Amino acid sequence: MTNNFSDKGFATRAVRAGHLRTPEGEQSEPIFPTSSFVFDSAEQAAARFGGDEKGNIYSRFTNPTVRTFEQRLAALEGGEACVATASGMSAILSTFMALLESGDHVVSSRSIFGTTRVLFDKYLGKFGLQTDYVALTDLAAWEKAIKPNTKALFLETPSNPLNEIADLVALSALAKKHDCLLIVDNCFCTPALQQPLSLGADIVIHSATKYIDGQGRCIGGAVVGDAQRVGEEVYGFLRTAGPTMSAFNAWTFLKGLETLELRMKAHSSSALELATWLEQHPKVNKVFYAGLASHPQHALAAKQQSAFGGIIAFEIAGGREAAWKVVNSTQWISITANLGDSKTTITHPATTTHGRLSPEAKAEAGISDGLLRLSVGLETVADIKADLQHGLDLL
């Protein structure tokens with residue numbers, strides 16, 4: 001049986017890539033819940049540890065179930081290598097610890113997950129990594145912020161939570177011009193809707209916790225890219241520091257990948273219907289969703305993505321009090337900061353996902369007190385509308 005499906009379609013790769021059947025002849029990928037592996041001889045053990053022979057050593061950095069997930073996600077993103085990690089945040093940490101050093105400079109979009117900014121400023125900053133923040137869509141600002149010691153450009157597209165869209169082809173050209181890495185968080189779209197490597201990115205980051213899982217069960221992350229930077233450098237950091245994905249979580253994510261394309265299409269279809277409804281609602285001031293023709297980067301999103309994803313942000317008048325009223329009036333929509341679930345979720349970014357940012361940083365990122373983020377699930381759209389209407393009727 002082959003695990004080379006590079007010439008097959010996305011759906012086939014999502015179901016088949018990376019799995020080599022064991023002698024047991026299993027149909028579903030097996031879980032290997034073991035901490036270590038047995039060698040045939042002292043000579044083989046020495047060869048494995050020395051890197052002269054490929055094979056399993058210790059599940060901190062070699063596990064067959066995790067490897068199957070890594071190979072499958074790499075096949076879907078079009079990368080040469082993938083390193084699976086314990087969480088999306090550990091994927092970001094592993095990438096920057098492996099590839100940058102004290103005195104290096106990063107230019108980041110200011111429209112990133114709040115915890116990512118805390119990682120850059122509070123923790124990586126302690127080790128001499130400098131980070132400046134720019135508006136995601138302002139290409140001139142990106143170029144102006146680049147310094148002689150700039151080693152990476154980092155961004156999320158679409159952004160969290162305002163659905164801003166970066167021009168990946170233009171940023172790739174800028175990164176190459178200044179000999180920088182372009183690192184893209186592809187959490188909102190997944191490879192089912194967008195493949196940044198094909199648009200010029202060097203490295204793709206994932207929080208597998210979100211859409212790759214798709215049902216809110218497990219925590220995990222991944223880094224995808226080339227064989228040297230990801231396959232050797234990021235892998236080397238994981239081997240040493242150990243932000244490791246468990247075999248069980250890897251197996252769960254494998255099951256998620258099998259239905260990823262179908263789910264992303266369904267999320268996108270429902271989100272577009274809801275965004276259109278919210279845009280016309282008299283109690284809603286503004287809707288942030290790239291699938292709407294009114295979105296300033298709608299044409300760019302249509303060019304880079306095959307659909308527009310399942311995340312909607314919308315702003316209402318009345319600040320935090322009104323926003324919390326809408327949240328608290330829902331009867332079954334889940335009040336949680338997670339996203340990418342089959343269940344619709346709602347959160348107030350200013351006091352949750354971006355709550356640790358300063359008021360100035362929130363203002364720069366467009367996180368107002370009246371902003372709500374909706375992760376559209378797989379329920380009947382009419383039911384989602386009706387549940388949101390409970391709170392909107394009170395405004």
Side-chain angles (χ1 to χ4, degrees), residues 1-22 25-32 54 62-85 88 91 157 168 184-215 217-218 220-227 229-231 234-235 245 247-269 304-310 340 342 378:
M1 175 190 174
T2 180
N3 68 346
N4 182 8
F5 289 88
S6 59
D7 60 336
K8 302 297 189 293
F10 186 94
T12 303
R13 282 176 280 146
V15 173
R16 296 282 184 175
H19 179 206
L20 279 174
R21 290 196 188 100
T22 73
E26 71 281 348
Q27 165 72 343
S28 180
E29 300 83 358
I31 306 175
F32 287 87
K54 290 185 176 181
T62 51
N63 179 279
T65 313
V66 177
R67 183 168 59 249
T68 300
F69 169 70
E70 290 172 334
Q71 291 179 351
R72 185 168 297 177
L73 184 57
L76 296 179
E77 282 285 8
E80 296 175 347
C82 172
V83 173
T85 63
T157 185
L168 291 179
V184 178
D185 186 321
N186 197 28
C187 173
F188 272 24
C189 279
T190 80
L193 303 185
Q194 175 178 261
Q195 295 167 17
L197 296 178
S198 69
L199 298 169
D202 297 293
I203 291 174
V204 171
I205 302 284
H206 280 287
S207 173
T209 311
K210 310 302 191 294
Y211 286 109
I212 288 176
D213 178 357
Q215 295 183 49
R217 298 165 293 190
C218 296
V223 185
V224 184
D226 64 25
R229 283 182 291 240
V230 173
V234 177
Y235 170 76
M245 179 180 286
F248 178 82
N249 287 7
W251 183 84
T252 304
F253 297 140
L254 281 167
K255 298 296 101 181
L257 288 176
E258 290 183 0
T259 60
L260 180 62
E261 187 175 39
L262 295 172
R263 288 186 289 105
M264 293 309 297
K265 289 179 179 178
H267 286 299
S268 298
S269 175
Q304 289 185 170
Q305 303 166 205
S306 60
F308 301 102
S342 58
L378 301 178

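Numbers here are sequence positions counted from 1. Worth saying up front: this structure is predicted, and the values here are computed from it rather than measured.
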Apply side-chain contact (heavy atoms from CB on, under 4.5 Å) to Phe253 and Asn249, showing your working.
CA-CA 6 Å; Phe253 297 140; Asn249 287 7; 4.0 Å; yes

Distance-minimising heavy-atom pair for [X] and [Y]:
X	Y	value
Ala75	Ala17	CB-CB, 4.0 Å
Glu77	Val204	OE2-CG1, 3.5 Å
Ser207	Lys210	OG-NZ, 3.0 Å
Ala307	Leu193	CB-CD2, 3.8 Å
Val224	Ala74	CG1-CA, 4.1 Å
Glu80	Ala227	OE1-N, 2.7 Å

Can you tell me if [X] uses its side chain to pair, donor with acceptor, with the backbone of [Y] under 3.5 Å?
X	Y	result
Arg229	Val234	no
Arg13	Lys8	yes
Thr209	Gly221	no
Ser269	Lys265	no

Test side chain to side chain contact (heavy atoms under 4.5 Å, CB included) applied to [X] - qualifying residues, sequence neighbours left out:
X	value
Ala84	Val66, Phe69, Glu70, Met245
Ala266	Leu378
Lys255	Ser28, Glu29, Trp251, Glu258
Thr252	Asp213, Arg217, Cys218, Phe248

Spatial distance of atom [atom1] ([X]) from atom [atom2] ([Y]) [nearest 0.5 Å]:
X	Y	atom1	atom2	result
Cys187	Ile212	SG	CD1	8.0 Å
Gln305	Cys189	CD	SG	3.5 Å
Ile205	Thr85	CD1	OG1	8.0 Å
Gln71	Leu76	CD	CG	12.0 Å
Leu197	Leu168	CG	CG	10.0 Å
Phe32	Asn63	CZ	CG	8.0 Å

Side chains of His19 and Pro30, heavy atoms from C-beta outward: is any pair under 4.5 Å?
yes

Starting from the C-alpha separation in whole Å, work towards a yes-or-no answer on side-chain contact (heavy atoms from CB on, under 4.5 Å) for Leu260 and Leu257.
CA-CA 5 Å; Leu260 180 62; Leu257 288 176; 4.0 Å; yes

Begin from the C-alpha positions of Arg72 and Arg16 and carry the test side-chain contact (heavy atoms from CB on, under 4.5 Å) through to its verdict.
CA-CA 8 Å; Arg72 185 168 297 177; Arg16 296 282 184 175; 5.5 Å; no

Thr259/Arg263 under side chain to side chain donor-acceptor pair (under 3.5 Å): CA gap, chis, key distance, verdict:
CA-CA 6 Å; Thr259 60; Arg263 288 186 289 105; 2.9 Å; yes

Test log, rule side-chain contact (heavy atoms from CB on, under 4.5 Å), inputs Tyr235 and Thr62:
CA-CA 10 Å; Tyr235 170 76; Thr62 51; 3.7 Å; yes

According to the side chain to side chain donor-acceptor pair (under 3.5 Å) rule, which pairs have a member within residues 187-205, sequence neighbours left out?
Asn186-Gln194

ring-ring contact (aromatic ring centres under 6.0 Å, His included) involving His267 - partner list, sequence neighbours excluded:
Tyr211

